[in-house]
Amino acid sequence: MIIVSSCLAGIKCRYDGNDNLVPEIKELVLSGKAIALCPEELGGLSTPRTPCEIVKEDNQLKVMTKDRVDCTSQFLLGAEKVAEIAKILECKQAILKANSPSCGCGMIYDGSFTGNKIKGNGLTAEQLLKQGVQIKNEMNFKE
């Protein structure tokens with residue numbers, strides 16, 4: 001079983017209420033080879049919601065909205081739930097949304113809400129990596 005970001009399977013769960021549909025990823029879900037999960041919704045955040053990015057504040061990494069509301073606890077809860085599901089299903093692979101504060105792996109937005117990116121991982125990606133899950137994104141999942 002492969003975990004995929006719900007938005008990549010066509011579920012309208014992005015912060016703006018849209019999706020990031022990749023037809024091949026949706027087909028993995030429909031064929032029973034993958035399960036679609038949205039860590040942000042699993043963590044209790046609504047859709048739509050204010051955009052969030054990871055910022056460094058007081059020498060700590062936090063997930064903050066553009067309006068400076070701390071959503072770290074919801075992002076952590078969502079990451080924990082996805083990690084638990086991955087364990088139960090014995091998932092070894094995930095296809096996650098690039099650059100996301102939850103799902104980004106290798107690169108994430110820098111916390112300035114200007115589109116700039118830095119090296120780093122989203123909270124869910126980091127949790128899955130610690131469990132040995134191989135992570136790809138919507139651009140490199142076919143490799």
Report the distance from atom [atom1] of [X] to atom [atom2] of [Y], rounding to the nearest 0.5 Å.
{"X": "Asn20", "Y": "Cys13", "atom1": "CG", "atom2": "SG", "value": "8.0 Å"}
{"X": "Ile85", "Y": "Glu80", "atom1": "CD1", "atom2": "CD", "value": "12.0 Å"}
{"X": "Leu77", "Y": "Thr124", "atom1": "CG", "atom2": "OG1", "value": "10.0 Å"}
{"X": "Leu96", "Y": "Ser6", "atom1": "CG", "atom2": "OG", "value": "10.5 Å"}
{"X": "Leu42", "Y": "Leu37", "atom1": "CG", "atom2": "CG", "value": "6.0 Å"}
{"X": "Asn99", "Y": "Asn116", "atom1": "CG", "atom2": "CG", "value": "11.5 Å"}

Counting only heavy atoms not in Lys26 (residues, nucleotides, ligands), do more than 12 fall under 6.0 Å from its NZ?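 It does not: Lys26 NZ has 12 such atoms or fewer within range.
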
Main chain of [Y], side chain of [X]: is a donor-acceptor contact present, judged purely on distance under 3.5 Å?
{"X": "Glu126", "Y": "Asn121", "result": "no"}
{"X": "Gln131", "Y": "Ala83", "result": "yes"}
{"X": "Lys62", "Y": "Asp70", "result": "no"}
{"X": "Thr65", "Y": "Pro51", "result": "no"}
{"X": "Lys97", "Y": "Ser5", "result": "no"}

Kindly indicate whether the side chain of [X], heavy atoms from C-beta on, has any atom under 4.5 Å from the side chain of [Y].
{"X": "Gln74", "Y": "Arg49", "answer": "no"}
{"X": "Ile118", "Y": "Ile54", "answer": "no"}
{"X": "Gln127", "Y": "Pro39", "answer": "no"}
{"X": "Val63", "Y": "Thr72", "answer": "yes"}
{"X": "Ile11", "Y": "Cys38", "answer": "no"}
{"X": "Leu28", "Y": "Ile95", "answer": "yes"}
{"X": "Lys33", "Y": "Met1", "answer": "no"}
{"X": "Ile35", "Y": "Leu89", "answer": "yes"}

If you link I, L, V, M, F, W and Y whenever their side-chain heavy atoms are under 4.5 Å apart, who else ends up in the same group as Val69?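 Same cluster as Val69: nobody, lone residue.
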
For the student: nearest non-hydrogen atoms of [X] and [Y], plus distance:
{"X": "Cys7", "Y": "Asp19", "result": "O-CB, 3.6 Å"}
{"X": "Thr47", "Y": "Glu41", "result": "OG1-OE2, 2.6 Å"}
{"X": "Ile25", "Y": "Ala9", "result": "CG2-N, 4.4 Å"}
{"X": "Ile108", "Y": "Gly122", "result": "CG2-N, 3.6 Å"}

Please determine whether residues Phe141 and Leu21 belong to a single hydrophobic cluster, defined as Ile, Leu, Val, Met, Phe, Trp and Tyr linked transitively by side-chain heavy-atom distances below 4.5 Å. no

Under 3.5 Å, is there a donor-acceptor pair linking the side chains of Asp110 and Ser112? yes

